[in-house]
Amino acid sequence: MPNAIVWLRNDLRLDDHPALRAALEGGYTPVPAYIHAPAEEGAWAPGAASDAWRARSLIALDADLRSRGSRLLVRHGPTADALARLIADSGAEAVFWNRKYEPTTQPRDTALKKQLRERGLRVKSFNGSLFFEPWQLATQQGGPYQVFTPFWRAAQAQWRVPELWDAPARLPAVPATLADESAASLPLSPRPDWDRSFWQHWQPGEAGAREALEVFADGALQGYHSERDRPDRIGTSRLSPHLHCGEIAPWRIVRMLEPLRNRDNGADIDAYVRQLGWREFAHHLLHHFPQTPDEDLNPRFRRFDWAEPDLTLLAAWQRGRTGVPIIDAGMRELWATGYMHNRVRMIAASYLSKHLRYHWSYGARWFWETLVDADLANNTLGWQWVAGTGADAAPYFRVFNPVTQAERFDLDGVYIARWLPELAALPLPLRFAPWRQPEALATAAPDYPRLPVIDLDAGRDAALAAYRKSGPR
DNA sequence: TGTCGCTTTAC
DNA sequence: TAAAGCGAC
């Protein structure tokens, strides 16, 4: 059988893998390959936490391949050279991959496709990660959607969920002449190993993704619609890092959840699928507005009076020492697990971009380095949304009050107590705003900040004043 | 997927 | 006196 390179990127799975399927159905021996080439992703090369995740995911993928008689080839970039060498060494006649949509990698992949075809290879790319290609949905005028609701309405009108496809139990062996390099040898793990504590919370890899889906389907799905905002509960799917690496296809999630639909959980399933819709929307926006990882989409903010970050305060935000418990709990959850509950992400992001008035890109960069689910489309949309600078964004004047939010969503203070154990001794209303009783705080937690780094009222007022000053419209 | 301050309404 | 309603940011 002729060989076909199956170039793996953010699709580290075997089931529901269009490129792998195309190789097999085309009568090829798949040669699965991963090429490490972070420099080609420019300023948004994967951050440390998602690298650490990917290192484990690659090892899991290699094990899955080996259990079926194949294996993963690992190579170093430049990608064009690594592919050329793989093609030469294997005599491959075809190259298949699933598309990525980032502004740096997409032009690279388009150019590669052209070059490889000119050399007589059969090359084909597929949609391996989205319900819709980012260019597929368009407004009546033919432009991109900038508001989620009409985007989602259009998506639902054309809704089609791909068939599931299970990879065969046996795969053809990769030619023995192709050299091995262990996935474990890639420089993807942070030093020092700050990620050590992550892995009691996560199992990277396709099996881990499938297990996370089962846990969600049997648990948090019931009541997801209301509980997903509760950081103190396991109220979310926790599938985001698995989705980011492509360890599971979103259509498999939908196909697994839909049969569970009953009288009680219809709103829960709809609410979850709607979140997958935001992921689609994020990719749609990144495709049409490729500058948005670095620039405000709304031009009004070019003349907005962002504050020059004080590096000490920025570090306080990063490491959970702002003096505002719900934010510090979230930032410490992030540091300890590589993840933060979505509701808390919004509260922490609002504080950075409004109370502190730092440009959201400082926060986006920190999340990029520390989130295991860091995804350029989602991270960009999320930050521009909270900061009020993006598409269909919360208006800038919508300022979250972190005390009110904590009272509403962490009502028993359990989340705060979990990540800020030093505050667990404080009684309830005080735990949300400990500066209101300095003596009690000093006794319970002598090392915790006495006051928020920015006073809540003063920060809010300054943000609103800056917004007014940035002009009409 | 907000907050605040003010007014109105209900008791 | 407090909950509910409303407009402005």
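A, B, ... follow the sequence lines: proteins, then strands. Residue 1 opens every chain.
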Considering the options Arg343(A), Arg408(A), Gln405(A), which one meets the side-chain hydrogen bond (donor to acceptor under 3.5 Å, both in side chains) requirement together with Asp229(A)?
Arg343(A)
Whole-Å distance between dC4(B) P and Arg468(A) CZ?
15 Å
Could you give the CD1-to-C1' distance, from Ile347(A) to dT3(B), as a whole number of Å?
14 Å
Quick one: is dC4(B) close enough that its OP1 or OP2 comes under 4.0 Å of any side-chain N or O from Asn401(A)?
yes
Under-4.0 Å side-chain N/O to phosphate OP1/OP2 contact, Gln275(A) with dT1(B):
no
How many Å lie between CZ on Phe397(A) and C1' on dG7(C), as a whole number?
11 Å
Would you say Arg398(A) reaches dC4(B)'s phosphate, i.e. side-chain N/O to OP1/OP2 under 4.0 Å?
no
Round to the nearest Å and state the distance from Tyr224(A) atom OH to dT1(B) atom P.
14 Å
Can Arg54(A) be said to sit on top of Tyr34(A)'s aromatic six-ring, NZ or CZ under 6.0 Å from centre and within 45° of the ring axis?
no
Just how far, in rounded Å, is C1' of dG2(B) from CD of Gln405(A)?
7 Å
Measuring from Arg238(A):CZ to Leu213(A):CG, what's the distance to the nearest 0.5 Å?
14.5 Å
Of all the nucleotides listed (dT3(B), dC9(C), dT1(B)), which has the minimum atom distance to the side chain of Leu464(A)?
dC9(C)
For Arg408(A), answer base if it contacts any base atom (sugar-phosphate contacts may also be present), sugar-phosphate if it contacts only those atoms, and nothing otherwise; contact means non-hydrogen atoms under 4.0 Å.
sugar-phosphate
Output the rounded distance in Å from OH (Tyr396(A)) to C1' (dT3(B)).
14 Å
Arg9(A) NZ/CZ over Trp7(A) ring centroid, <6.0 Å and within 45° of normal:
yes
Examine Arg300(A) relative to Tyr467(A) and say whether NZ or CZ is less than 6.0 Å from the centre of the six-membered ring and inside a 45° cone about the ring axis.
yes
Contact class for Thr404(A) vs. all strands (heavy atom < 4.0 Å): base, sugar-phosphate, or nothing?
sugar-phosphate
His355(A) has an atom NE2; how far is it from atom P of dC4(B), in whole Å?
8 Å
Specify the separation, in whole Å, of atom NE2 of His341(A) and atom C1' of dT1(B).
12 Å
